[in-house]
Every structure is written in C-alpha cells, then in structure tokens.
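Comments concern the structure below.
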Amino acid sequence: MTNKSTRSESRRDSGVTALARGLAILQCFDRPGAHFTVSELARRVGLSQPTTWRLCSTLIDKGFLVKAPGNSALSIGAPALTLGYAAAQGQDLRALVRPYMEQLTTRVGTTVALSLYSGDEMLSIDQTMGTFVVPGQPVGWRASPTSSSAGLAVLAVLPDEDRNRALQTIAERDPAAWPRRKERIEAAAAHFAEHGYVVLTDMFDGQYAAASVPLIEGGAAPRYWGLSCSGLSATWTADALRPVGTELVRIRALLQPAAAVIGALR
C-alpha cells in the first residue's frame with residue numbers, strides 16, 4: 001500500500017516537473033518572430049540538451065512548437081498562439097494584474113497599487129487593501145512621478161524622448177526642488193538597472209516606503225504603468241522591501257509579455 005502510494009506520488013511529481021519545464025520552454029518565445037535551437041533553449045531554461053529535446057519533441061508532437069523544414073530552429077505553434085489570443089481578447093491590463101495584486105497583498109499584508117502614467121502624472125487605477133493602507137492615495141489619486149516609487153519605475157523605462165520631456169516638465173514646475181528630485185530619479189534608475197525594481201523609502205516626509213516595477217502595455221501607442229507595494233518606513237526598510245521587490249520582478253516577468261499583446265489588440 002505504501003509502496004504503491006509512493007510510486008504514484010513519484011509519477012505525479014515527475015509529471016508536474018515535466019509540465020513546469022515545458023511551460024518554461026514556451027515562455028522563452030516572448031517576442032514576435034522568436035525562434036531558438038534546442039541548445040539555445042537548453043541554456044535559457046537551465047536544462048540538459050537531451051532533456052530539453054525530449055520536452056521539445058512532445059511540444060512539437062502536440063503542435064505547440066514548430067520545426068522549420070531544413071532548419072534546426074523552433075518557433076511557437078498555432079495552438080499556443082490560439083490559447084494566448086483567446087485569453088487576451090476582451091482583457092484589459094487592470095483585470096490581468098488584479099489576481100497578482102491580491103496574491104501579493106495576501107502574502108505581505110500591505111496595500112498593492114496599480115497606477116498609470118497619464119499627462120506627466122501617475123494616476124491611481126486600482127488597489128488591493130491589506131492590513132496597512134497608505135492614507136491619501138485612493139483610486140483616482142494623482143501625483144508627480146517623483147513622489148512615488150511607481151512613477152520613478154516608469155521614468156526608468158520611458159523612451160528617451162518621452163523621458164526628457166517629462167524631466168523638463170518636472171524641473172519647470174518647481175525649479176528649487178529639481179536638484180533633489182533629479183538625484184532621486186537617477187538613484188531610482190540605477191537601482192532599477194541593477195535589481196529590476198525601484199525602492200523609495202522617504203515618501204511623505206519619510207513616513208512611508210515602497211517598492212515598484214514598471215509595466216509597458218504595448219502597441220503603436222504604448223502605455224506605462226507602475227505596480228507597487230507600500231507600507232510604513234519603520235517596518236518596510238530597504239532591506240525589508242528586498243524580497244517584495246524580488247516578487248514584483250517575478251510578477252512583472254509573468255505579466256509583461258501578455259501586457260504587450262493586450263496593447264497590440266487595443
């Protein structure tokens with residue numbers, strides 16, 4: 001009885017591992033026209049080439065990957081594209097992000113907010129309320145990009161032309177405060193370049209701290225969003241926010257390809 005149960009669990013675990021590895025391979029095809037050889041995929045997912053080939057062979061058989069005739073490169077197949085297109089139809093970014101916000105709030109206990117870069121300001125679009133809520137930031141709240149970690153995250157990924165225009169606007173609004181704000185923007189951009197997320201520990205006169213990542217809703221006219229998690233700076237120090245930032249980076253990696261597709265369908 002025990003041996004049968006152990007063998008059954010072992011087979012089940014093996015199946016789950018294979019599924020996870022197969023999904024990791026499919027996630028490599030995250031841009032239009034992407035194609036990879038088996039050896040390239042093996043390096044990307046961190047598996048041996050024989051194991052990667054066995055997984056790819058199954059995906060080819062099911063149509064999720066396609067091998068070009070006379071070519072060793074693989075590309076994404078129609079069934080995978082059909083699933084993605086069907087899921088993206090009728091979706092908006094807010095609906096896409098909401099479940100991840102709820103999961104993060106449940107895990108860390110604080111408010112998670114989604115905001116949109118609009119008219120050189122950050123517009124609060126959605127929140128999931130935790131045990132601590134930053135006061136004065138309801139849905140619909142607007143703020144300068146330099147006063148929130150979400151805004152700083154967006155500034156870190158804006159195209160040069162848009163970023164320079166935004167910085168000029170910020171500088172002209174309050175020339176006296178510009179040197180301090182410029183320093184904050186540069187520090188946030190450096191942190192994002194190194195870690196993939198932005199931390200701001202002196203919000204509202206040092207009372208609150210937050211970690212954020214940017215999301216880019218693709219298409220001909222991309223829109224820029226910030227996803228953030230915030231709390232009291234006495235508790236959420238830069239060190240305490242590090243695992244939160246890491247989790248935000250993971251969530252961004254899951255959401256960004258879909259965000260680009262949703263933008264293209266807009």
Side-chain angles (χ1 to χ4, degrees), residues 28-34 84 88 91-97 100-101 112-126 137 139-203 210-230 245 248-266:
C28 292
F29 298 86
D30 59 357
R31 64 180 187 274
Q91 278 273 32
D92 60 28
L93 193 71
R94 179 179 178 178
L96 182 73
V97 177
Y100 296 91
M101 295 171 63
V112 178
L114 178 69
S115 54
L116 173 66
Y117 181 66
S118 174
D120 294 322
E121 292 182 315
M122 296 304 297
L123 171 64
S124 177
I125 298 295
D126 198 10
Q137 294 188 19
V139 170
W141 173 78
R142 285 182 175 270
S144 165
T146 61
S147 67
S148 71
S149 62
L152 293 170
V154 167
L155 289 175
V157 296
L158 279 180
D160 289 343
E161 183 178 350
D162 295 335
R163 186 172 186 271
N164 291 337
R165 178 180 53 79
L167 297 185
Q168 182 177 351
T169 299
I170 294 168
E172 290 174 351
R173 281 177 180 167
D174 191 345
W178 171 240
R180 177 174 54 84
R181 290 175 177 172
K182 181 182 179 184
E183 184 178 343
R184 174 184 281 183
I185 292 167
E186 291 173 348
H191 194 279
F192 178 78
E194 183 175 356
H195 301 287
Y197 64 95
V198 166
V199 166
L200 183 59
T201 57
D202 60 350
M203 295 168 58
S212 297
V213 291
L215 292 169
I216 304 171
E217 188 180 355
R223 298 199 293 180
Y224 296 87
W225 302 72
L227 181 64
S228 63
C229 181
S230 56
L248 285 170
V249 171
R250 185 189 72 85
I251 291 172
R252 180 180 189 247
L254 294 172
L255 290 172
Q256 185 53 63
V261 171
I262 288 175
L265 296 174
R266 193 170 65 233

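Between L155 and P145, the shortest heavy-atom distance links the atoms CD1-CB, 3.8 Å. A pairwise comparison of heavy atoms in Y117 and A166 identifies OH-CB, 3.3 Å as the closest pair. Of all non-hydrogen atoms in L248 and A211, the two that sit nearest each other are CD1-O, 3.3 Å. When all heavy atoms are compared, the tightest approach of S148 to G151 is OG-N, 3.0 Å. Here the closest heavy-atom approach between residue G226 and residue A150 is recorded as CA-CB, 3.9 Å.
Side chain of R142 to main chain of E121: no donor-acceptor pair is present (N/O by atom type, distance under 3.5 Å, no hydrogens or angles). For R184 (side chain) and T146 (main-chain N/O), a donor-acceptor pair under 3.5 Å exists by modelled atom type.
Contact of the L167 side chain with the I185 side chain is registered, since non-hydrogen atoms from C-beta on lie closer than 4.5 Å.
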Q) Given the rule in the side chain to side chain contact (heavy atoms under 4.5 Å, CB included) test, do I251 and V213 qualify, once you have shown the distances and angles that lead to the verdict? A) CA-CA 9 Å; I251 291 172; V213 291; over 6 Å; no
Q: Check the pair R223 / L93 against side chain to side chain contact (heavy atoms under 4.5 Å, CB included), numbers first and verdict last.
A: CA-CA 10 Å; R223 298 199 293 180; L93 193 71; 5.9 Å; no
Q: Kindly determine whether R252 and Y197 satisfy side chain to side chain contact (heavy atoms under 4.5 Å, CB included), including the steps that lead there.
A: CA-CA 10 Å; R252 180 180 189 247; Y197 64 95; over 6 Å; no
Q. Is there a side chain to side chain contact (heavy atoms under 4.5 Å, CB included) between L152 and F192 once you walk through the steps?
A. CA-CA 9 Å; L152 293 170; F192 178 78; over 6 Å; no
Q: Let me see the working for S230 and S228 under side-chain hydrogen bond (donor to acceptor under 3.5 Å, both in side chains), right down to the final yes or no.
A: CA-CA 7 Å; S230 56; S228 63; 5.4 Å; no
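Interatomic distance, L255 CG to I216 CD1, rounded to the nearest 0.5 Å: 13.0 Å. Note: R181 CZ to R173 CZ = 9.0 Å, rounded to the nearest 0.5 Å. Atom OH of residue Y224 and atom CG of residue L116 lie 12.0 Å apart, to the nearest 0.5 angstrom. Rounded to the nearest 0.5 Å, atoms CD1 (I125) and CG (L227) are 13.0 Å apart. Note that the CG atom of L96 and the CH2 atom of W225 stand 10.5 Å from one another [nearest 0.5 Å]. Between the CE atom in M122 and the CH2 atom in W141 there is a gap of 9.0 Å [rounded to 0.5 Å].
Among residues two or more places apart in sequence or in another chain, the salt bridge (Lys or Arg N to Asp or Glu O under 4.0 Å) test is passed with R180 by none.
Within the structure, side chain to side chain donor-acceptor pair (under 3.5 Å) contacts touching residues 161-170 (residues at least two apart or in different chains) are D120-R165, Q168-E172.
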